[in-house]
Structure formats: C-alpha cells, structure tokens
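Working notes for the structure below.
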Amino acid sequence: MKAKTGFNLRKVCGQNIIVAEGKENMDFSNIISMNESSALLWQETQGKDFTEEDLVTILQANYQLDENTPLPYDQALKDVREVIEQWHAAGIIND
C-alpha cells in the first residue's frame with residue numbers, strides 16, 4: 001500500500017486533519033480527522049510502500065506502556081486493519 005500524493009496532515013485547532021492539496025485532488029471534499037495513533041502512522045508512511053505488518057511495528061514501537069508490557073500484537077493488528085479500512089474508504093491510499 002501507499003499513501004496517495006497530495007494528502008497532507010495538518011494540525012487545525014488541536015485536531016489532526018488530512019488536507020487535500022494539488023490539482024489532482026481538487027474534487028476531494030471529505031474532511032478526514034485522525035487521532036494521534038493514525039496521525040503517527042500517516043506521518044511514518046509518507047512516500048513509502050507499507051504493509052499491515054509495517055504499521056503494527058510502528059504502533060508497537062511507539063506505544064509501549066513500559067519495557068515489560070508492549071502493545072500486544074493482536075490489538076495492534078486489529079487497530080491497523082481498522083485504520084487501513086478507513087483510509088481506503090476515504091480514498092487516500094492505494095493498494
């Protein structure tokens with residue numbers, strides 16, 4: 001998968017919002033708000049091909065409660081699949 005070009009993350013009034021920029025995205029009229037976790041994933045994947053596993057790794061690396069209790073793989077995978085589904089529905093990523 002890869003993020004489509006011209007969709008940039010901006011902080012607006014404390015909210016993470018995806019903004020469509022460029023001629024190719026003129027007809028895009030959705031407002032996409034992202035929580036901190038999905039914003040992190042978006043930032044980490046810009047300009048790169050990525051897989052579900054890549055996103056799980058990013059979440060696990062960034063959301064360790066402490067050294068002995070990292071984010072469980074199953075929970076991270078569930079969260080990643082939800083985010084990918086939302087990004088597909090919004091039309092901001094390609095397979």
Side-chain angles (χ1 to χ4, degrees):
M1 290 169 272
K2 192 170 188 173
K4 291 183 179 179
T5 58
F7 291 97
N8 300 304
L9 184 65
R10 302 279 185 250
K11 198 98 165 173
V12 179
C13 297
Q15 297 292 317
N16 295 303
I17 305 291
I18 292 292
V19 177
E21 298 173 349
K23 291 180 187 176
E24 66 276 5
N25 298 321
M26 280 180 59
D27 294 333
F28 188 81
S29 60
N30 293 339
I31 295 176
I32 302 168
S33 178
M34 293 190 175
N35 65 23
E36 291 299 319
S37 297
S38 59
L40 168 71
L41 294 174
W42 186 259
Q43 289 172 325
E44 292 289 323
T45 59
Q46 293 305 287
K48 305 172 194 169
D49 288 320
F50 61 89
T51 64
E52 281 183 355
E53 188 64 34
D54 295 329
L55 300 184
V56 167
T57 300
I58 292 166
L59 286 180
Q60 287 183 306
N62 284 277
Y63 291 101
Q64 290 188 1
L65 302 173
D66 64 39
E67 291 180 1
N68 299 317
T69 55
L71 181 67
Y73 179 86
D74 291 343
Q75 182 62 50
L77 181 60
K78 178 179 177 267
D79 294 346
V80 160
R81 287 181 174 162
E82 288 176 19
V83 167
I84 289 172
E85 185 178 313
Q86 292 167 359
W87 290 356
H88 271 295
I92 60 174
I93 61 172
N94 292 318
D95 281 327

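Small disclaimer: the values here were computed from a predicted structure and weren't measured.
- Annotation for A20 and F7: closest pair CB-CE2, 3.7 Å, computed over non-hydrogen atoms.
- Here the CE atom belonging to M34 is positioned 8.5 Å from the CD atom belonging to Q86, to the nearest 0.5 angstrom.
- Inter-residue side-chain proximity for L55 and E44 is flagged as unmet; no heavy-atom pair is nearer than 4.5 Å.
- The structure places CD of Q43 at 10.5 Å from CD1 of I58, a figure rounded to the nearest 0.5 Å.
- Residues satisfying the side-chain contact (heavy atoms from CB on, under 4.5 Å) criterion with Q46, sequence neighbours excluded, are A3, W42.
- In this structure, CD1 on I17 lies 13.5 Å from CG on N8, to the nearest 0.5 angstrom.
- Listed by chain and residue number, V56, L59, Q60, L71 satisfy the side-chain contact (heavy atoms from CB on, under 4.5 Å) test with A76 (two or more places apart in sequence, or in another chain).
- Remark: T51 pairs with E53, D54 by the side-chain contact (heavy atoms from CB on, under 4.5 Å) rule, at least two apart or across chains.
- Screening residues 5-19 for salt bridge (Lys or Arg N to Asp or Glu O under 4.0 Å) gives R10-E21, K11-E36 as the qualifying pairs, with residues at least two apart or on separate chains.
- For residues 69-88, the pairs satisfying salt bridge (Lys or Arg N to Asp or Glu O under 4.0 Å) are E52-R81, K78-E82, with sequence neighbours left out.
- To the nearest 0.5 Å, atoms CD1 (I93) and NZ (K2) are separated by 13.0 Å.
- Put simply, CZ on F50 and CD1 on I84 are 6.0 Å apart, with the number rounded to the nearest 0.5 Å.
- For the side chain to side chain donor-acceptor pair (under 3.5 Å) test, no residue two or more places apart in sequence or in another chain qualifies with T45.
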